[in-house]
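Every chain is numbered from 1, with letters handed out A, B, ... down the list of sequences. Computed from heavy atoms alone, side chains included, the values below leave out hydrogens, waters and symmetry copies.
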Amino acid sequence: MTGIETISGTPRNLARRKFVDKLMISLCVIAGIITILPLLYIFFFTTKSGLSSLNLDFFTQLPKPVGEEGGGMANAIVGSLILIGLGSIIGIPVGILAGIYVSEYSGSLTATLVKFTTDVLSGIPSIIIGIFAYGIIVLPMQRFSALAGGFALGILMIPTITKITEEMLRLVPQTLREASLALGVSRWKTTLFVVVKTASSGIITGILLAIARAAGETAPLLFTSFGNSFWQSSIDQPMAALPLQIFAYAISPYEDWHRQAWAGAFVLILLVFVVNLIVRYVTRNKFESSV
Amino acid sequence: MLHETSSNPLSDQQENPEDVSSIDIQDSEEHEKESKIAVQTECLSVFFNERPALKDINLKIRKNRVTAIIGPSGCGKSTFLRSLNLMHEMTPKSKVLGSIKIHGNDITESNAVDVRKNVGMVFQKPNPFPSMSIFENVVAGLRLNGNNKKSELEEIVERNLTHAGLWDEVKDRLKSPAVSLSGGQQQRLCIARTIAVNPEIILMDEPTSALDPISTAKIEELIYNFKDEYSIIIVTHNMQQAARVSDFTAFLYLGKLIEFSKTRRMFTNPRERLTEEYVTGKFG
Ligand SMILES: Nc1ncnc2c1ncn2[C@@H]1O[C@H](COP(=O)(O)OP(=O)(O)OP(=O)(O)O)[C@@H](O)[C@H]1O
Ligand SMILES: [Mg+2]
């Protein structure tokens with residue numbers, strides 16, 4: 001019995017191990033490609049079908065009635081931006097604060113409860129969130145409104161932002177918190193200006209993810225924001241939104257509207273992309289966050 | 001009063017007549033006795049989850065002296081240090097009993113934020129704030145507490161970095177991220193950050209254990225030079241370091257204070273058998 005045999009095994013064994021190794025890597029590569037393909041496909045198709053029906057009118061005109069050529073989705077683009085803005089006003093602060101609470105004040109019963117609740121909330125279908133907003137805003141106000149739509153989007157954004165904030169804050173080493181506290185900095189300042197700041201780029205990624213999701217949501221807007229074919233005067237009125245408009249046009253029987261729906265889809269993707277770039281630029285860190 | 005109250009739980013022999021206090025009295029500058037105590041703990045005990053980590057520590061730590069805390073791993077050195085800046089308040093299920101007086105005032109009922117402005121801390125691993133530049137790190141404590149006068153801060157940065165022996169190395173790149181510095185430089189930056197808030201007492205928990213010998217030597221030199229302005233309490237695993245930098249040494253074992261005396265005496269002629277075994281490397 002030699003030592004070498006007992007350590008590295010027989011040659012046959014070695015070959016088998018190498019094969020398993022290769023197999024594993026191949027499976028990972030295949031899985032990687034499978035995740036990339038749908039994205040490429042979506043980009044390719046929306047660009048191909050959307051770009052051709054896109055023109056200046058699309059960004060400046062209101063939708064035309066059936067039968068008339070042309071028109072655009074200017075009101076839906078602006079509407080979507082307003083709805084995302086309203087959603088962000090609710091979703092971002094609540095999401096971040098809840099994430100801070102769960103991470104920095106963990107151990108208390110309420111923190112555990114909040115964590116559990118956000119996990120459950122993130123699993124609730126968005127249409128149910130829409131019904132919820134309908135129940136507590138649309139019914140009492142007696143009309144559909146952008147406010148209700150923004151509220152529904154905000155609620156949808158909360159669990160994503162809370163979860164990512166919590167995870168990013170947990171990655172911040174404990175010793176940084178202690179270093180700040182040891183300087184005589186109060187707990188809340190330590191949390192905001194040291195811990196959250198250190199984790200900021202991760203948190204921003206979470207926010208962008210939540211915004212991207214919310215921007216494309218249709219279901220929660222169906223009976224809240226409802227949609228509008230004209231310029232909306234204020235946020236307590238029904239408001240057009242790109243996903244709603246796309247939905248309405250895509251299921252219509254008219255060829256022209258189908259083209260407009262493709263253009264709308266393309267603009268929606270573009271919108272998310274541009275918001276992404278702007279937020280990244282505005283909040284860019286002086287240094288790469290080291291977390 | 002200055003009489004040493006070190007408990008000798010493992011000793012059954014009588015106190016050596018030449019105990020710490022009698023040595024101290026030979027110290028020439030012994031006039032204002034009370035003012036010379038920086039930290040005094042009485043019956044200080046710390047519990048985690050009802051399990052004791054420190055038991056009845058009675059210690060008097062001198063002002064403008066370096067006091068080393070030594071002892072085997074897990075004996076409660078860090079626990080002792082962290083009780084002095086009330087850091088245990090951050091640990092759920094921890095309990096601190098007894099009294100801790102800093103310059104005569106009991107801090108156990110004080111506001112931790114105020115206490116920590118006066119009792120700075122340097123940690124084992126260099127921990128500059130990664131989201132901040134070198135400049136911002138030095139003034140982090142001041143800025144977060146509301147001092148934002150630019151000219152004042154610039155002067156503070158230069159003074160404290162010079163004091164921490166780092167100014168010449170970083171003066172041309174104050175705006176670069178603090179984490180771009182080497183480990184030893186980062187630790188000196190952390191020291192600059194600590195002294196920038198003007199503490200009177202500095203706690204150091206194995207400040208050089210993550211550093212190379214040259215960086216270690218630089219920090220030991222700093223500690224030595226800091227004596228005029230600060231009272232320093234340093235935890236170390238390195239006997240030579242304790243012997244080099246400290247005036248007094250406390251030896252902890254299993255959460256108890258075994259011996260507290262002048263460093264020279266501790267390493268040449270300890271009173272306790274246990275201390276001798278530890279400092280000569282028989283265990284630990
Ligand atoms: N946060 C905590 N929760 C529970 N137990 C703790 C905690 N901190 C310390 N302890 C316990 O208290 C005892 C003393 O720990 P401490 O960190 O003070 O040791 P130490 O002397 O600094 O050791 P080392 O030299 O390894 O740093 C240990 O038994 C440790 O397990
Ligand atoms: Mg320790």
Side-chain angles (χ1 to χ4, degrees), chain A residues 96 100-115 165 167-207 280 282-291, chain B residues 78 81-82 84-93 111-146 175-180 186 189-190 193-199 202-205 210:
Chain A
I96 290 182
I100 290 174
Y101 184 61
V102 174
S103 156
E104 303 302 297
Y105 299 85
S106 62
S108 69
L109 190 68
T110 27
T112 315
L113 196 70
V114 172
K115 188 172 157 65
T165 302
E167 277 166 12
M168 291 300 130
L169 294 186
R170 282 196 198 283
L171 287 179
V172 175
Q174 189 61 21
T175 160
L176 286 184
R177 294 179 178 85
E178 291 183 349
S180 172
L181 292 170
L183 292 172
V185 176
S186 61
R187 182 111 185 249
W188 73 267
K189 281 184 179 168
T190 296
T191 301
L192 274 192
F193 301 114
V194 174
V195 185
V196 173
K197 201 173 159 207
T198 305
S200 58
S201 78
I203 294 175
I204 288 164
T205 306
I207 291 172
R280 287 252 180 241
V282 171
T283 59
R284 74 197 178 284
N285 219 330
K286 267 178 296 173
F287 324 124
E288 268 311 287
S289 178
S290 64
V291 172
Chain B
S78 302
L81 215 57
R82 294 160 62 85
L84 303 186
N85 66 349
L86 303 179
M87 205 52 100
H88 295 308
E89 286 185 3
M90 294 297 296
T91 314
K93 296 193 182 158
N111 180 347
V113 171
D114 297 331
V115 171
R116 291 176 191 143
K117 282 179 189 156
N118 196 30
V119 185
M121 187 164 203
V122 177
F123 297 79
Q124 181 169 1
K125 256 184 72 200
N127 55 2
F129 300 128
S131 59
M132 300 183 195
S133 67
I134 295 171
F135 184 101
E136 291 168 322
N137 261 278
V138 179
V139 295
L142 299 169
R143 261 199 186 156
L144 291 177
N145 280 314
K175 295 237 152 54
S176 8
V179 282
S180 68
Q186 287 186 19
L189 178 64
C190 292
R193 175 177 75 183
T194 302
I195 59 178
V197 292
N198 274 326
I202 302 178
L203 312 172
M204 297 182 160
D205 195 349

Q. Non-hydrogen atoms of chain A under 4.5 Å away: do they reach the side chain of B/Val122, the backbone, both or neither?
A.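 It is neither, since no heavy atom gets under 4.5 Å.
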Q. So which part of B/Asn145 gets closer than 4.5 Å to some heavy atom of chain A, the side chain, the backbone, both or neither?
A.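 Its backbone and side chain both get close to chain A.
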Q: Considering non-hydrogen atoms only, spot the tightest contact between B/Pro128 and A/Leu176 and give its length.
A: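 Closest approach of B/Pro128 to A/Leu176: O-CD2, 3.5 Å.
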Q. At their closest point, which heavy atom of A/Ala179 faces which heavy atom of B/Phe123, and how far apart are they?
A.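 In this case the closest contact between A/Ala179 and B/Phe123 is CA-CE1, 3.6 Å.
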**Q.** Best-contacting candidate, B/Lys117, B/Arg116, B/Arg193, B/Met87, against chain A by heavy atom pairs under 4.5 angstrom
**A.**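 Between B/Lys117, B/Arg116, B/Arg193, B/Met87, the count favours B/Arg116.
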What's the separation between atom [atom1] in [X] and atom [atom2] in [Y], rounded to the nearest 0.5 Å?
X	Y	atom1	atom2	answer
A/Gln174	B/Asn127	CD	CG	11.0 Å
A/Leu181	B/Leu86	CG	CG	11.0 Å
B/Gln124	A/Thr175	CD	OG1	9.5 Å
A/Glu178	B/Met121	CD	CE	7.0 Å

**Q.** Heavy-atom side-chain contact between B/Met90 and A/Arg177 under 4.5 Å
**A.**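 No, side chains not in contact.
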Q. Who in residues 184-195 of chain A is close to chain B, using a strict under-4.5 Å heavy-atom cut-off?
A.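 Heavy-atom contacts from residues 184-195 of chain A to chain B are A/Gly184, A/Val185, A/Ser186, A/Arg187, A/Lys189, A/Phe193, A/Val194.
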